[in-house]
Undergrad: 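Below is one structure. I have some questions about it.
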Protein chains: 2
Amino acid sequence: MSNGNKIVLSHGSGGKRSRDLIRNLFFKYFGNEILSQGSDSAVFETPAANLAFTTDSFVVDPLFFPGGDIGKLAICGTVNDLAVSGAVPKYLSVGFIIEEGLEISVLESVVISMAETAKQTGVEIVTGDTKVVNKGKCDKLFINTTGIGELDPKFKKISSGETIQAGDKILVNGFVADHGIAVMSVRNELKVQADVLSDCAPLNKLIAEVLQVSENVRFMRDATRGGLATVLAEIVQHKSFGIHIDEEKIPVRASVRGMCEFFGFDPLYVANEGKVVLIVPADDAEEVLEIMQKNELGKEAQIIGEVVADHPGKVVMQTQIGGKRIIDMLVGDQLPRIC
Amino acid sequence: MSNGNKIVLSHGSGGKRSRDLIRNLFFKYFGNEILSQGSDSAVFETPAANLAFTTDSFVVDPLFFPGGDIGKLAICGTVNDLAVSGAVPKYLSVGFIIEEGLEISVLESVVISMAETAKQTGVEIVTGDTKVVNKGKCDKLFINTTGIGELDPKFKKISSGETIQAGDKILVNGFVADHGIAVMSVRNELKVQADVLSDCAPLNKLIAEVLQVSENVRFMRDATRGGLATVLAEIVQHKSFGIHIDEEKIPVRASVRGMCEFFGFDPLYVANEGKVVLIVPADDAEEVLEIMQKNELGKEAQIIGEVVADHPGKVVMQTQIGGKRIIDMLVGDQLPRIC
């Protein structure tokens, strides 16, 4: 059969071919009781009265990169957004936008990666949608994932950060800038041997461990596009406190630092996909650090700074050469289509 | 400022430009208490223990068409998927994938249309995401909407259709095939004067009225891609009942019928964006028809057929010329990028 191994427009028609793709590929790998109902909407019961709800589209180029792929990214990204809100990620929707002509084997690899990552994180893919656009009208594959998490009321204030106060400590769970450098290293325009893997990982279990030892976590956010710097700058914006960080405490791999210097990137602004910034009361900081360092995804965790009453609205970094530098949000775009 | 009125890559960087776009465009029009928190996840309380959850991506070409636009479509599509499950649509997420170079005024028109439609339907847009891809890597604008609805337990069986039985009546709320023909009429390749408007509309209020007069509605589905025929064929697949429909009862506008004949489309397979197929007990059918016909979106509603014990797994249509025809799912793709 001609084109039997490629996506054709009729895979997105809503008719027989769409149905076959759904049954033979998506149900096969994502299969669970709710999804297999095949209804317009997934229907389920939730015991929680407080929900977290978040969405992300993924357009990373290339689809496969050292340490991950668009499928793993699409699960981790949304799981992490829920987890940093203090919620337990439970249900995901998946929306595929596929370019006509994509090899079905490529789609299958991505779907398998999504299924494995979902299983690892304990979330279920319960509903989905597939659109196919003509060749040249999108770039291979875009994926949207939208997630629902259940939120224990005692963590309700984490997502707003309203309890942050001067004296709180700021932690990060490991090396920054790996994801951006890993993706760039395999871009056509920049083919270099970097030997850097993306840090793409689901953080929900690490975060659950932290919340078990410290119920008073003030705030968490995953540092994705815009990097660590942009997250910190956002935290202090229009606030009556500032942030002080210490450059020598920020974990950056030597190889990543080298690549950044070579290409003129600042690692603080390069994207991560498995890094969470935590703000915790000073009294809890050492215990949180310890529990993080016991987890594979937090081995290189560090206390990188603190919330201060000085310079409200500003992030100031003590540099390794002994100076001070103001850290602002990313202006412009260092690395397009990084996630 | 050069390019000040166009989307640039840095609008998707996660940095300052992203933030400005979110504040000045999305918050401005979508603004509500939950969205304005600006957290990674929207956090809200829901009284319902039963939720419906659905996702849809929209890639319609062109972005604006007679009777609607991609923004209106993106709200109605997801609202309708929730409503046909028997749920009350409550919360939506929105994910934009934007082509570099899109006029910001075009995006603004779409956003205004989304905001108006959301208001009309009573749903809130509570979380979102924006990605920008390089020029030529997508076609202007794709939108994903994912929705959460609250489901009264007494309607829990509607989405599965498990209570459908022989003797039930099948209704549709009006003229079919308007959406597909309206979009095609303004496609570059097929510029004809059709004077047909898309039927794109939120059906949640019509459906709520029906559920008030008939708690025993067996099943509902909106007939989008694949048309009325594909929905009916899906309902009977692997089932112990069949469906009989009467061609002369199926509402098709004369102008749409003419266009379909001219271009070789079968109106039963052409997409709708404001049509719901309902299956109700025979005893309730007349009352449901009456209540539908009182609603602007159901004025042309008809009882088009019934569930039968004969020919299980098959949809058979009594044709206007007196014959019988088996109605199967759409094979191939009549009209790509119709939604």
Side-chain angles (χ1 to χ4, degrees), chain A residues 9-10 12-16 19 37 39-47 49-57 59 81-82 84-85 87 91 93-95 97 126-129 131 133-134 137-139 142 144 146 148-149 151 156 159-160 221-222 224-226 230 329-333 336-337, chain B residues 9-10 12-16 19 37 39-47 49-57 59 81-82 84-85 87 91 93-95 97 126-129 131 133-134 137-139 142 144 146 148-149 151 156 159-160 221-222 224-226 230 329-333 336-337:
Chain A
L9 285 171
S10 60
S13 67
K16 193 168 177 320
R19 193 183 170 93
Q37 291 166 0
S39 311
D40 263 0
S41 299
V43 169
F44 48 82
E45 270 187 74
T46 169
N50 284 290
L51 298 180
F53 182 44
T54 191
T55 191
D56 241 327
S57 299
V59 298
D81 277 349
L82 293 171
V84 298
S85 299
Y91 304 105
S93 68
V94 176
I97 299 176
V126 294
T127 189
D129 176 59
K131 293 292 186 305
V133 298
N134 315 62
K137 296 299 181 184
C138 83
D139 193 7
F142 299 152
N144 175 283
T146 303
I148 295 177
L151 184 63
K156 252 183 98 168
S159 63
S160 69
R221 182 154 291 182
D222 54 333
T224 56
R225 285 180 292 179
T230 300
M329 274 188 228
L330 175 62
V331 177
D333 191 16
R337 293 185 63 193
Chain B
L9 285 170
S10 61
S13 68
K16 191 167 177 322
R19 194 182 169 91
Q37 290 167 0
S39 311
D40 263 1
S41 299
V43 169
F44 48 82
E45 272 187 73
T46 167
N50 285 289
L51 296 180
F53 182 43
T54 192
T55 191
D56 242 326
S57 299
V59 297
D81 277 349
L82 293 171
V84 297
S85 300
Y91 304 105
S93 67
V94 177
I97 300 176
V126 294
T127 189
D129 176 59
K131 294 291 187 305
V133 298
N134 316 62
K137 297 299 180 184
C138 83
D139 193 8
F142 299 152
N144 175 283
T146 302
I148 295 177
L151 184 62
K156 253 183 98 169
S159 63
S160 70
R221 182 153 290 179
D222 54 333
T224 57
R225 285 181 292 178
T230 299
M329 275 187 227
L330 175 62
V331 177
D333 192 16
R337 294 185 63 196

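Being a predicted model, the structure only gives us computed values, none of them experimental. Order of the sequence lines fixes the chain letters, A, B, ..., with proteins taken first and strands second; residue numbering starts at 1 for each chain. The figures that follow rest on heavy atoms only: side chains count, while hydrogens, waters and symmetry mates do not.
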Undergrad: Would you call the rings of A:F142 and B:F142 parallel, tilted or perpendicular, where under 30° means parallel and over 60° means perpendicular?
TA: tilted
Undergrad: With a 4.5 Å cut-off on heavy-atom pairs, point out which of B:G226, B:S160, B:A49 contacts chain A the most.
TA: B:A49
Undergrad: Which one wins on heavy-atom pair count under 4.5 Å against chain A: B:G15, B:S41, B:S85, B:G14?
TA: B:S41
Undergrad: Using non-hydrogen atoms only, which part of B:L82 is less than 4.5 Å away from chain A: side chain, backbone, both, or neither?
TA: both
Undergrad: Within the side chain of B:R225, is there an N or O that forms a donor-acceptor pair under 3.5 Å with the backbone of A:G12?
TA: yes
Undergrad: B:T46: which residues meet the side-chain hydrogen bond (donor to acceptor under 3.5 Å, both in side chains) condition with it, sequence neighbours left out?
TA: B:E150
Undergrad: Select one option (side chain, backbone, both, neither) describing which atoms of B:V133 are under 4.5 Å from chain A's heavy atoms.
TA: both
Undergrad: With rounding to the nearest 0.5 angstrom, report the CZ to CG distance, A:R19 to B:L330.
TA: 13.0 Å
Undergrad: Please state whether the side chain, the backbone, both or neither of A:T230 comes within less than 4.5 Å of a heavy atom of chain B.
TA: side chain
Undergrad: Side chain from CB out, backbone as N, CA, C, O: work out which of these in B:N144 comes under 4.5 Å of a heavy atom of chain A, or both, or neither.
TA: side chain
Undergrad: Go through A:A52, A:P47, A:S93 and name the one with the most non-hydrogen pairs under 4.5 angstrom from chain B.
TA: A:S93
Undergrad: Given a strict heavy-atom distance threshold of 4.5 Å, which part of B:L51 is in contact with chain A: side chain, backbone, both, or neither?
TA: both
Undergrad: Rounded at 0.5 Å granularity, tell me how far CD1 in B:I148 sits from OG1 in A:T146.
TA: 9.5 Å
Undergrad: Considering non-hydrogen atoms only, spot the tightest contact between A:T127 and B:F53 and give its length.
TA: CG2-O, 3.5 Å
Undergrad: Contact part of B:V43 toward chain A, heavy-atom cut-off under 4.5 Å: side chain, backbone, both or neither?
TA: both
Undergrad: Once salt bridge (charged side-chain N to carboxylate O under 4.0 Å, His left out) is applied, do any residues pair with A:D56, and if so which ones, sequence neighbours excluded?
TA: B:K131
Undergrad: First locate atom CG of A:D81, then atom CG of B:D129, and finally report the distance between them rounded to the nearest 0.5 Å.
TA: 8.5 Å
Undergrad: If you count heavy-atom pairs under 4.5 Å between each of A:G95, A:A87, A:G149, A:A42 and chain B, which one has the most?
TA: A:A42
Undergrad: Can you tell me which of B:K137, B:M329, B:Q37 forms the most heavy-atom pairs within a distance under 4.5 Å of chain A?
TA: B:K137
Undergrad: Go through the atoms of B:S159 and report whether side chain, backbone, both or neither lie under 4.5 Å from a heavy atom of chain A.
TA: both
Undergrad: Work out which heavy atom in A:R221 is nearest to a heavy atom in B:D40; give both atom names and the distance.
TA: NH2-N, 3.4 Å
Undergrad: Which residue out of B:C138, B:G128, B:S57 racks up the most heavy-atom pairs below 4.5 Å with chain A?
TA: B:S57
